[in-house]
Amino acid sequence: MRKFSTAAKILVSAAILLILFRKANLQTGIHFVGAIDWFFILPSVALIVLAQLARAYRLALMIFGASAEGRFFQVLRIQMVSFLPGIVSPAKIGEAAKIYMLQADTGTRLGRATACFVAERVLDMLLLVPLASLGVYLLIGPSFSFSFQKTFFALVIVLTGTAACVPLGLAYARRKGVRAADIWDTAKPSKLLAAGGITMLYWGMVFAEVWCFCRAALFGVTLRHISLAVPPALLSSLLPVSFSGFGVREAALVFLLQRPQLGATYNQALLVSLMYIVFGLGVPALMGLIYWWVGRSNVSQN
């Protein structure tokens, strides 16, 4: 049954991507690819690498606290190697790989490693869910016109989305058999405050990375608009209908980038979504492959 489900998700992803490509104007698309402003690609790659470093430091901080600096590169390797199965297989395999490697390589207990993983997800959702809710609410209209009623409902949506993240995370942790002591050790206020700051830094770099892709695709957009368009597109990849989110994420991003507030053409939006796959996912995957190969070589020599 699981193999059938995976095969069906692969077909869904392939079908969506095929539809996106078929809708594009081939001649215009080739023109846009040839006219890419490569000046913005280098900073986008730098942002991708820095974002992965920030994400790894956040995980090291939650696990090791004050001694995080001394274990940073070990945790970075775990994060990057576990990234690989997360994009070439159903996402849960990548999650399981990270938890297993934390247990095997750092001696972290299973419950503690799982609690840290859940804390990562909750911190991300605390930022993404409100932004995604606000983004969908504001981008479905023709403009950012201000009104008391619209502002009030936007605030209600943001607060509701935020309030739902913590109990959902705790429920997930309990289903995974995480003890209350593991949750408390991971979610100490001092750790959460620092980890929350790193979370905002990480996602800020992700939004800046996509902004660079937009500039490379030759259309101007503000970082504020990107911070509202990217979260709902990324969260759409969590829907269990496609293979690791491929297709659904790209379709959502293409749709949102064409909203009047952002103003991309179809081909420009499609090009940005492809840049996210090639660079946004490809660079971390390459980092993971390098870390895996170096570790495999070291094992072979020993």
Side-chain angles (χ1 to χ4, degrees), residues 20 24 28-29 31-55 58 83 87 123-144 154 158 196-237 245-246 248-287:
L20 289 174
T28 306
H31 166 73
F32 275 120
V33 171
I36 288 176
D37 189 346
W38 293 95
F39 175 80
F40 287 97
I41 297 299
L42 183 59
S44 71
V45 172
L47 285 166
I48 293 167
V49 174
L50 290 173
Q52 294 303 317
L53 297 179
R55 196 173 182 88
R58 182 184 67 175
F83 185 88
I87 63 170
L123 285 171
D124 289 336
M125 291 301 174
L126 283 172
L127 181 69
L128 290 182
V129 169
L131 285 176
S133 303
L134 188 60
V136 170
Y137 183 74
L138 292 176
L139 293 177
I140 58 175
S143 67
F144 280 104
V158 168
I198 296 172
T199 300
M200 289 189 286
L201 175 64
Y202 167 76
W203 285 108
M205 287 189 284
V206 172
F207 300 152
E209 157 203 332
V210 178
W211 178 85
C212 287
F213 294 154
C214 293
R215 298 294 297 180
L218 305 180
F219 77 95
V221 65
T222 67
L223 194 58
R224 177 186 62 170
H225 288 90
I226 290 297
S227 67
L228 294 176
V230 171
L234 295 183
L235 289 181
S236 69
S237 67
F246 285 102
V248 174
R249 176 183 54 241
E250 287 70 38
L253 192 57
V254 167
F255 170 76
L256 290 167
L257 290 178
Q258 291 181 89
R259 301 304 299 160
Q261 299 91 336
L262 282 81
T265 65
Y266 182 86
N267 284 301
Q268 287 173 324
L270 180 59
L271 182 57
V272 171
S273 70
L274 294 178
M275 287 182 185
Y276 186 83
I277 293 177
V278 174
F279 296 105
L281 299 180
V283 171
L286 179 60
M287 293 171 66

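Every heavy atom of this structure was used, including side-chain atoms; hydrogens, water molecules and symmetry mates were not. FYI, the numbering just counts along the sequence from 1.
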Mind checking side chain to side chain contact (heavy atoms under 4.5 Å, CB included) for [X] and listing every partner two or more places apart, or none if nothing turns up?
X: Leu50; result: Leu53, Met205
X: Ala46; result: none
X: Ala233; result: Ala252, Leu253, Leu256
X: Val254; result: Gln258, Tyr266, Ala269, Leu270, Ser273

Quick note, side chain to side chain donor-acceptor pair (under 3.5 Å) partners involving residues 39-52, not counting sequence neighbours, are Gln52-Gln79
The complete set of side chain to side chain donor-acceptor pair (under 3.5 Å) pairs with one or both residues in residues 205-216, sequence neighbours excluded, reads none
Heavy-atom closest pair (Leu131 atom, Leu228 atom, distance to 0.1 Å) is O-CD2, 4.0 Å
Between Leu281 and Phe83, the two heavy atoms sitting closest are O-CE2, 3.6 Å
Applied to residues 272-283, the salt bridge (charged side-chain N to carboxylate O under 4.0 Å, His left out) test, sequence neighbours excluded, yields none
Across all chains, not counting sequence neighbours, the salt bridge (Lys or Arg N to Asp or Glu O under 4.0 Å) partners of Arg58 are Glu120, Asp124
> Hey, does the side chain of Gln268 reach the backbone of Cys214 with a donor-acceptor pair shorter than 3.5 angstrom?
Replying inline: no
_Is any side-chain heavy atom of Val272 closer than 4.5 Å to one of Phe219?_
yes
